[in-house]
Visitor: 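Quick one: the structure is below, and I'll ask about it shortly.
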Number of protein chains: 2
Amino acid sequence: MAEPDLEVLAELAVSRQFSRQAAIFWERKEAQGFYLLVTGLVKLVKSSPDGKEYIIRLVQPGETFGEAVVFAESPYPATAIALEDCQTLFFPGKAFLQYLAASPALARNMLATLSRLLYHLTKQLEDVSLKEVSARLARYLLERCTETHGRVAPGLAFELPTTKTHLAAYLGTISETLSRTLARFKSLGAIEVEKGKITINDPQLLQNMAQGSKS
Amino acid sequence: MAEPDLEVLAELAVSRQFSRQAAIFWERKEAQGFYLLVTGLVKLVKSSPDGKEYIIRLVQPGETFGEAVVFAESPYPATAIALEDCQTLFFPGKAFLQYLAASPALARNMLATLSRLLYHLTKQLEDVSLKEVSARLARYLLERCTETHGRVAPGLAFELPTTKTHLAAYLGTISETLSRTLARFKSLGAIEVEKGKITINDPQLLQNMAQGSKS
DNA sequence: CGGCCTGTTGATGCGACTCAATTCAGGTGG
DNA sequence: CCACCTGAATTGAGTCGCATCAACAGGCCG
């Protein structure tokens, strides 16, 4: 979203703060606009009646969330919760739509953003439904590594964005299973684990496991 | 997509036919445009190396597919296969984008379409990751019923869009499990099953099961 | 120190996938 | 018109992944 439109958008935007654990919006609540995360960390979750939750997406600074609803005029499909103290910019739906009509470039940008999200969700759906936990974890590790370093190579290390419990929910599993799987990876010599930091040892092995399918 | 733009779009579009079982595009293939399904039935699938597949979406006549890639300029995220003989309109990406820049209304429409897709995928992701098969099936049956009749009530019947094997892949399971689950629903008195046709008997029971979470 | 949260590890059980056998319907060709 | 084949659907038995339950260790903070 690096645009000449930035000035106008800046006028639309409303700064909003949220403290750790605060809910930014709730699933099924009528949507009034979307957010741009400036600092902090946000999780978008679906939660089931019995308290279990699945993390659709972890939102990093610079990313937007809740965009989709502005165009579909539907309620928010998930709940957004601040995992750390957060600075956000809120864009009211109506005003944004009005301005959008005047700026093809911005529209184009939003389309691209949504498309990337779709792409991402599609991949997650594939993973969850036809890969086992170890494959999902392996792919995640490789992804994080390329995100941080631009490539994957033995010896490269990176931080996990949040607690392992959250990561587990993101991978569609639970902390116990994640813990065991990480331990297995370690014993296979694929990675080193220490205190929220992961070091890649054997990228090839991870690649293989990421391919792995159920059974 | 009921638009004054229709005329112009009609000029862009190229008619394309596909016969049963034909692939319309392949996952990872560079995208050149998107399709509007006129008649027939299309499945969008992800397939794993060992031959198992997950159906992201069943495309019905009147719907578009492959739109996302036009804006993200990424390769197709899934494979599209004609389940029946199909009539489609193909919209070349570049020409479409050009025209899009001139029509805010069209852009707005595409945004809405993508948003609905996102919403749908989010729901599927939720279902697959934290609901069990019976809950997914129950929700699907209720959905189909409201789609066909606008409401859910005892005695209402509807056709399954395709084979049970495909439905199973769509629900993130396999035909055997689907078969057993349908049999259980029937023995519980929730539905009647005969030859690709389902009759709802006990909507409330289905609602309850659709809520059900894993264990 | 004593609570609380996160993470680890073990034992157990259940859901659902796998494999295999059988039935059934539809389509084809002799 | 029937024998044949193919693909779908059903049913049973066996197995496995992973969620659950439970106990416990370490770190952080009031």
Visitor: For the pair made of NZ in A:Lys131 and P in C:dC17, what is the distance, rounded to whole Å?
Guide: 16 Å

Visitor: Roughly how far, to the nearest 0.5 Å, is CD1 of B:Ile56 from NE2 of B:His120?
Guide: 10.5 Å

Visitor: Indicate yes or no for a side-chain donor-acceptor contact from B:Arg136 to the backbone of B:Lys131 under 3.5 Å, with no hydrogens or angles considered.
Guide: yes

Visitor: Below 30° counts as parallel, above 60° as perpendicular, anything between as tilted: where do the rings of B:Tyr35 and B:Phe18 land?
Guide: perpendicular

Visitor: How about A:Val128 and A:Tyr54: do any of their side-chain heavy atoms sit closer than 4.5 Å?
Guide: yes

Visitor: Rounding to a whole Å, what distance do you find between A:Arg20:CZ and D:dC29:C1'?
Guide: 12 Å

Visitor: Measure the distance from CD1 on A:Ile174 to C1' on C:dT8 and round it to the nearest whole Å.
Guide: 13 Å

Visitor: Show me the protein contacts with nucleotides 5-13 of chain D, counting only N or O atoms at under 3.5 Å.
Guide:
residue, atom, partner, partner atom, Å
D:dA9, OP1, B:Lys164, N, 2.9
D:dA9, OP2, B:Lys164, N, 3.3
D:dA9, OP2, B:Thr165, N, 3.0
D:dA9, OP2, B:Thr165, OG1, 2.7
D:dT10, OP1, B:Lys164, NZ, 3.0
D:dT10, OP2, B:Ser179, OG, 3.0
D:dT10, O5', B:Ser179, OG, 3.2
D:dG12, N7, B:Arg180, NH1, 2.9
D:dG12, O6, B:Arg180, NH2, 3.1

Visitor: Should the pair A:Phe96 and A:Phe91 be assigned to parallel (<30°), tilted (30 to 60°) or perpendicular (>60°) ring geometry?
Guide: perpendicular

Visitor: Identify the pairs formed between an N or O of the protein and an N or O of nucleotides 26-29 of chain C at a distance under 3.5 Å, and give each distance.
Guide:
none

Visitor: What residue pairs, at least two apart or across chains, pass salt bridge (Lys or Arg N to Asp or Glu O under 4.0 Å) with a residue in residues 69-83 of chain B?
Guide: A:Arg108-B:Glu73

Visitor: Nearest whole Å is fine: how far is C:dT8 C1' from A:Phe185 CZ?
Guide: 17 Å

Visitor: Expressed in angstrom and rounded to an integer, what is the separation of A:Glu132 atom CD from D:dG17 atom P?
Guide: 7 Å

Visitor: Can you tell me the distance, in whole Å, between the CG atom of A:Leu167 and the C1' atom of C:dG7?
Guide: 13 Å

Visitor: Side-chain contact, heavy-atom cut-off 4.5 Å: A:Thr162 with A:Glu84?
Guide: no

Visitor: Are any of the side-chain nitrogens in A:Lys123 or A:Glu126 under 4.0 Å away from the carboxylate oxygens of its partner?
Guide: no

Visitor: Would you kindly give the CG-to-C1' distance between B:Leu171 and C:dG15, to the nearest whole Å?
Guide: 16 Å

Visitor: Starting at CD of A:Glu194 and ending at C1' of D:dG26, how long is that distance when rounded to a whole Å?
Guide: 16 Å

Visitor: With no hydrogens and no angle check, do the side chains of A:Ser15 and A:Gln17 hold a donor and an acceptor under 3.5 Å apart?
Guide: yes

